[in-house]
Amino acid sequence: MTRIVEAELLDELPVDDPRAIHSRRDLRRINALMGNARIMARILKTFHDSRSLKTVVEIGAGDGSFALRLAEGLAPSEHRVEVLLVDRQNLLSYQTAARFQKLGWNAQPIQMDVFDWLAQSSNSKFDLIVANLFLHHFEEARLRSLLEQASKRTLLFLACEPPRSVGALIVTRVLGLIGCNSVTRHDAVISVRAGFRDQELSSLWPKAESWQLLERPVGLFSHCFCARRAVAAAQTSCLR
Ligand SMILES: C[S@@+](CC[C@H](N)C(=O)[O-])C[C@H]1O[C@@H](n2cnc3c(N)ncnc32)[C@H](O)[C@@H]1O
């Protein structure tokens, strides 16, 4: 399957459009079924001293519910964690922010285009940047630029994306059976066609510095990518 990137309906609907609200609810259920937060928490615990995290960013964070599940999967943390939720839309609810607080995570929504945020945060460094169902929005050249800029701001980068596979495409055809609306069904097909396989994300990650990369399908519906700076790799025990 050739990779094809097309616009998704959810990105174009107004935040309070009932179809968008329904579709974001579908997304939370799809995320739960895919288990991406669980997968990421497991990778983090394997690759990194996850209890020592202090600064986390999710790019394309939506309503923050994915980052919240990740925080729950990593709890308890040794420190108070600052988590920046970067998204073009500000969707973080009071309830979700309060659930972060209970875990000792302070969630800050940043309503910006990811490229504007990357440009503005050029002097910042974070322990971890994550992306869930987000990287597939971008064509190769923009994605290469996004990954290059992200690599300068973090020790560890994790992404879970749709696998570009016939199996995943078949699953998108039955999402109506679990109550997903037409926006979700449309976007799911677009997302799989724009998804990833093999070492596609690794090949776009910058080569200049020494990074430890891992990229592979996980379960039936996730394609995961992990980049860890060699310094961080040397400080903590390696792939267990
Ligand atoms: C499929 S949703 C995933 C949301 C979240 N990561 C999750 O798993 O629930 C993609 C999100 O990316 C955001 N987005 C799309 N293009 C963006 C951009 N250029 N900069 C920032 N956010 C963007 C959309 O607003 C949307 O919330």
Side-chain angles (χ1 to χ4, degrees), residues 5-17 19-41 56-73 83-93 95-97 99-100 107-121 128-147 149-150 153 157-163 168 172 175 180-181 183-196 218 221-225:
V5 178
E6 290 170 276
E8 294 183 24
L9 292 176
L10 184 58
D11 292 337
E12 289 169 3
L13 286 173
V15 173
D16 54 357
D17 185 302
R19 289 167 301 163
I21 293 169
H22 187 132
S23 183
R24 277 196 295 277
R25 200 181 315 135
D26 294 342
L27 193 57
R28 287 194 289 276
R29 288 167 61 210
I30 290 171
N31 263 330
L33 290 174
M34 289 172 86
N36 284 355
R38 238 184 0 259
I39 292 168
M40 259 195 212
V56 177
V57 181
E58 184 183 354
I59 50 175
D63 61 10
S65 53
F66 173 80
L68 178 64
R69 275 179 187 264
L70 179 63
E72 286 167 345
V83 56
L84 305 187
L85 303 171
V86 180
D87 200 287
R88 280 204 300 226
Q89 300 178 319
N90 183 359
L91 299 164
L92 181 69
S93 67
Q95 288 87 342
T96 304
R99 287 176 65 187
F100 272 115
Q108 194 186 331
I110 312 265
Q111 188 176 5
M112 278 181 110
D113 183 274
V114 67
F115 289 95
D116 294 337
W117 176 76
L118 284 164
Q120 149 194 299
S121 64
L128 169 68
I129 298 182
V130 300
N132 185 58
L133 305 181
F134 179 59
L135 300 183
H136 68 273
H137 282 75
F138 304 102
E139 306 263 10
E140 189 176 310
R142 293 197 87 208
L143 190 49
R144 189 187 292 281
S145 159
L146 188 159
L147 296 179
Q149 295 181 63
R153 289 159 186 72
F157 183 92
L158 284 179
C160 280
E161 293 295 321
T172 64
L175 287 177
C180 292
N181 74 358
V183 173
T184 310
R185 296 198 305 272
H186 171 273
D187 286 356
V189 174
I190 300 276
S191 301
V192 168
R193 287 198 199 128
F196 301 98
V218 179
F221 312 119
S222 303
H223 181 89
C224 297
F225 172 68

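Whatever order the structure lists them in is the order used to number ligands and atoms, beginning at 1.
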Polar contact flag for N132 and ligand 1 (N/O pairs, less than 3.5 Å): yes
Heavy-atom nearest neighbour of atom 18 (C) of ligand 1 within options D113, N90, L85: D113
Test side chain to side chain donor-acceptor pair (under 3.5 Å) applied to E161 and H136, H137, H223, the passing residue: H136
Within reach of ligand 1, part of A131 (heavy-atom separation under 4.0 Å): neither
Residue and atom name of the nearest protein heavy atom (relative to atom 5 (C) of ligand 1), distance in Å to one decimal: G60 O, 3.4 Å
S65 N/O to ligand 1 N/O under 3.5 Å: no
Mode of N36 contact toward ligand 1 - side chain, backbone, both, neither (heavy atoms, under 4.0 Å): neither
Residue, atom name and distance, where the atom is the protein heavy atom closest to atom 24 (C) of ligand 1: D11 OD1, 3.3 Å
Polar proximity ligand 1 side, D87 side, N/O cut 3.5 Å exclusive: yes
Mode of M112 contact toward ligand 1 - side chain, backbone, both, neither (heavy atoms, under 4.0 Å): backbone
Shortest protein contact, atom 20 (N) of ligand 1 (heavy atom only): V114 N, 2.9 Å
Polar side-chain atom of D63 near backbone of L91 as donor-acceptor pair, under 3.5 Å: no
Taking atom 22 (N) of ligand 1 as the reference point, the nearest protein heavy atom with its distance: R88 N, 3.2 Å
Test item: side-chain donor near acceptor, S23 and D26, under 3.5 Å: no
Heavy-atom gap A61 to ligand 1 smaller than 4.0 Å: yes
For L133, the ligand 1 atoms whose distance to one of its heavy atoms is below 4.0 Å: 1 (C), 3 (C), 10 (C)
Test log, rule side chain to side chain contact (heavy atoms under 4.5 Å, CB included), inputs I30 and C180: CA-CA 9 Å; I30 290 171; C180 292; 4.1 Å; yes
Sub-4.0 Å atoms of ligand 1 with respect to non-hydrogen atoms of Q89: 25 (O)
H137, any N or O under 3.5 Å of ligand 1 N or O: no
Ligand 1-proximal atoms of N31, by part, heavy-atom distance under 4.0 Å: side chain
For L27, the ligand 1 atoms whose distance to one of its heavy atoms is below 4.0 Å: 1 (C), 2 (S), 3 (C), 9 (O)
Side-chain donor-acceptor contact under 3.5 Å, E6 with H186: no
F134/F66 aromatic ring centres below 6.0 Å: no
CD (E140) with more than 12 external heavy atoms under 6.0 Å: no
Test item, E58 contacting ligand 1 (heavy atom, 4.0 angstrom): yes
Distance-only N or O hit between ligand 1 and V86, under 3.5 Å: no
Proximity of F134 to ligand 1 by residue part, where a heavy atom lies under 4.0 Å: side chain
Residue portion contacting ligand 1 (non-hydrogen atoms closer than 4.0 Å) for I59: neither
Per-atom contacts, ligand 1 versus F66 - under 4.0 Å to a heavy atom: 7 (C), 8 (O)
